Amino acid sequence: MSPQMEEFVKAKPRIDFLITHLTLDVISGSWKSCFCKLLCVSFNILYFFLVFLHLKNIKTFELSFNTLITLLTTFVISGYGIRIFVGFFKREKFESLIENIKKLYKEQEEDEELERILRKHLTDSLRIFQLCYRWGIYIYFVAGFLCSSYFRLNEDYGLMYELPFIASDNFKDDILWKEFPYIVQNIFYMNLTTSTILLDIGILFLSLQVIAEINILSDYIKLLNEKIKTDPKILRKIIERHCSIIENLNLLSEITFESSILQLILTCVALLFGMTFLITYAKGLGNYAIIICGGGLGLPLCILGQFIQVKADILSETLYQTNWHELRLKDQKMFLIILGMAQREYGLKAAGVYDINLYTFVQIFKIAFSYCAVLYSLSQ
């Protein structure tokens, strides 16, 4: 077993947990994994109905901070539900991409230098994934706790959900009973933030493997002039690697087809809501938290899309820098095939139309700021 495959086997339980969570497969894996997935999904479903009940029972609808947070919470839970629901119908796509990734980790090169390149990029991608998995869960879990605690300390915010059959006049003077709904809300928020970031980390893992494969191909191309003399199959390896990248990118794009546009829309909505209340409550820390968290909904995906696009663009530049004119006529023909493949546009697209990159994220911020500026001028 190759060293990179050993690292993959160690990380496999976490990978399986993330992918099965993304595809709503709550019965696969160990009993601990099944329990965690079932808990995340069940709590979010219950929370959605309690939040919806809160909105329904509002007699006179006023655009207050409580209403704002309740609406945003509804959107986030709905986004979570839609993503795992879509993932359920795309299990085959996930399985195909995971199988291709396994094959990549099983590969072993006879040439020591090529093997070193293969091992380096694959192990680096796993280390980044492990780091994001560990700290992503910690950060969002704590963020959910601090956010809900901040709402509790500020009496103007109140509860963002309705807890039926609990309220009773007999316990209105009981401190513990008064705090109980807030404790439950705290648990709901921590579960929501953690389960949402788990979906993003699952997509992050798949994207990192595609980026690692692009890096491997780029380093292979850099060694083309040197290796063509000792390894006549190097061009064939490069073509096969390129075809594998195209296949995996297409699978990744199909997996994120609906969820990507959903995340961008939620990002825009969260920013619009946050900036709207920022005009009235400029000193409220909650508004800034909404803007930061709102940006965080779409930023990771845009960063990944930008990385994939940049790395893919470098491929054609790397090819041009090789001494292709020194190759044999037969090898030059194969080189033209590779060059033609490298001219394709690579990257992720939201709903198959909009490019997912940092430019798209900046455009969303521009829309939100323009809306805020117009709203502010009208309020004066």
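The model shown is predicted, which means the values in this text are computed figures rather than measured ones. Along the sequence shown, residues carry numbers from 1. What you see below is based on every heavy atom in this structure, not just the backbone, and it leaves out hydrogens, waters and symmetry mates.
Residue Ala11 comes nearest to Leu126 through the heavy atom pair CB-CD2, 4.3 Å, listed as atom of the first residue, atom of the second, then distance. Pairing each heavy atom of Leu204 with each of Cys132, the nearest pair is CD2-CB, 3.4 Å. What you find for Tyr133 and Ile201 is that their closest heavy atoms are CA-CD1, 3.8 Å. Contact record, Leu206 with Leu252: CB-CD1, 3.9 Å, taken as the closest heavy-atom pair.
Side-chain atoms of Asn44 and Ser195 include a donor-acceptor pair closer than 3.5 Å. A side-chain donor-acceptor contact under 3.5 Å links Asn248 and Glu213. For the 3.5 Å distance criterion, the side chains of Gln209 and Tyr105 qualify, holding a donor opposite an acceptor. Using a 3.5 Å distance cut-off with no hydrogens or angles, the side chains of Lys90 and Thr23 do not pair a donor with an acceptor. For Asn357 and Thr360, the side-chain atoms include at least one donor-acceptor pair closer than 3.5 Å.
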Steps toward side-chain contact (heavy atoms from CB on, under 4.5 Å) verdict (Arg241, Leu104): CA-CA 10 Å; Arg241 181 78 63 198; Leu104 179 62; 3.0 Å; yes
Walk me through it: do Asp25 and Ile27 pass the test side-chain contact (heavy atoms from CB on, under 4.5 Å)? CA-CA 6 Å; Asp25 187 5; Ile27 59 174; 3.6 Å; yes
When you look at His242 and Tyr220, which way does the ring pair (Phe, Tyr, Trp, His ring centres under 6.0 Å) test go after all the steps? CA-CA 11 Å; His242 218 141; Tyr220 275 23; over 10 Å; no
For Leu46 and Phe188, what are the C-alpha separation, side-chain angles and deciding distance, and is it a side-chain contact (heavy atoms from CB on, under 4.5 Å)? CA-CA 9 Å; Leu46 176 61; Phe188 278 135; 3.8 Å; yes
So Phe205 and Ile98, side-chain contact (heavy atoms from CB on, under 4.5 Å) or not? Walk me through it. CA-CA 10 Å; Phe205 167 75; Ile98 289 294; 4.0 Å; yes
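At least one donor-acceptor pair under 3.5 Å links the side chain of Thr123 to the backbone N or O of Lys120. Remark: the backbone N or O of Ser28 is paired with a side-chain donor or acceptor of Lys37 at under 3.5 angstrom. For the pair Glu258 (side chain) and Val86 (backbone), a donor-acceptor distance under 3.5 Å is absent. Under a 3.5 Å cut-off, the side chain of Gln306 and the backbone N or O of Leu358 do form a donor-acceptor pair. Listed for the Asn186 side chain is no donor-acceptor partner under 3.5 Å among the backbone atoms of Tyr182. A side-chain donor-acceptor contact under 3.5 Å links Ser148 to the backbone of Gly144. Listed for the Ser260 side chain is a donor-acceptor partner under 3.5 Å among the backbone atoms of Thr256. Side-chain N or O atoms of Asn191 include none that pairs as donor or acceptor with a backbone N or O of Ile187 at under 3.5 Å.
Between Asp200 and Arg83 there is a salt bridge, since a side-chain N of the basic residue sits under 4.0 Å from a carboxylate O of the acidic one. With respect to Glu109 and Arg116, no salt bridge is recorded, no charged nitrogen being found less than 4.0 Å from a carboxylate O. Ion pairing between Glu107 and Lys237 fails under the 4.0 Å rule for side-chain N and carboxylate O.
Rounding to the nearest 0.5 angstrom, the gap separating the CD1 atom in Ile117 from the CD atom in Glu112 is 12.5 Å. The structure places SG of Cys302 at 5.0 Å from CG of Leu264, a figure rounded to the nearest 0.5 Å. The distance from the CG atom of Leu22 to the CZ atom of Arg91 is 11.5 Å, given to the nearest 0.5 Å. Note that OG of Ser244 is 9.5 Å distant from CG of Leu217, once rounded to the nearest 0.5 Å. With values rounded to the nearest 0.5 angstrom, Ser253 atom OG is found 7.5 Å from Ile356 atom CD1. With rounding to the nearest 0.5 angstrom, the CG atom of Asn250 is 11.0 Å from the CD1 atom of Ile255.
Hydrophobic clustering keeps Leu72 apart from Leu53 (ILVMFWY residues linked when any side-chain heavy atoms are closer than 4.5 Å, directly or through intermediates). The same ILVMFWY cluster, assembled from side-chain heavy atoms under 4.5 Å apart, contains both Val51 and Ile82. In the hydrophobic clustering of this structure, Leu251 does not group with Phe257; members are Ile, Leu, Val, Met, Phe, Trp, Tyr whose side-chain heavy atoms approach within less than 4.5 Å, directly or through other members. Residues Phe89 and Ile19 share a hydrophobic cluster, clusters being chains of Ile/Leu/Val/Met/Phe/Trp/Tyr side chains in contact below 4.5 Å. Phe43 and Phe180 fall within the same hydrophobic cluster, where Ile, Leu, Val, Met, Phe, Trp and Tyr residues are linked whenever their side-chain heavy atoms come under 4.5 Å apart, directly or through other members.
Phe48 and Phe52 have parallel rings, their planes meeting at less than 30° on a 0 to 90° scale where 60° marks the start of perpendicular.
Between Leu118 and Leu122 the shortest side-chain heavy-atom distance falls below 4.5 Å. Side-chain contact check for Glu7 versus Lys12: every heavy-atom pair is 4.5 Å or farther apart. In this structure, the side chains of Ile245 and Leu249 come closer than 4.5 Å at one or more pairs of heavy atoms.
More than 12 heavy atoms of other shown residues, nucleotides or ligands fall within 6.0 angstrom of atom CZ in Phe129.
Aromatic pair Tyr189/Phe145: ring centres not closer than 6.0 Å. For Tyr47 and His54, the ring centers sit 6.0 Å or farther from each other.
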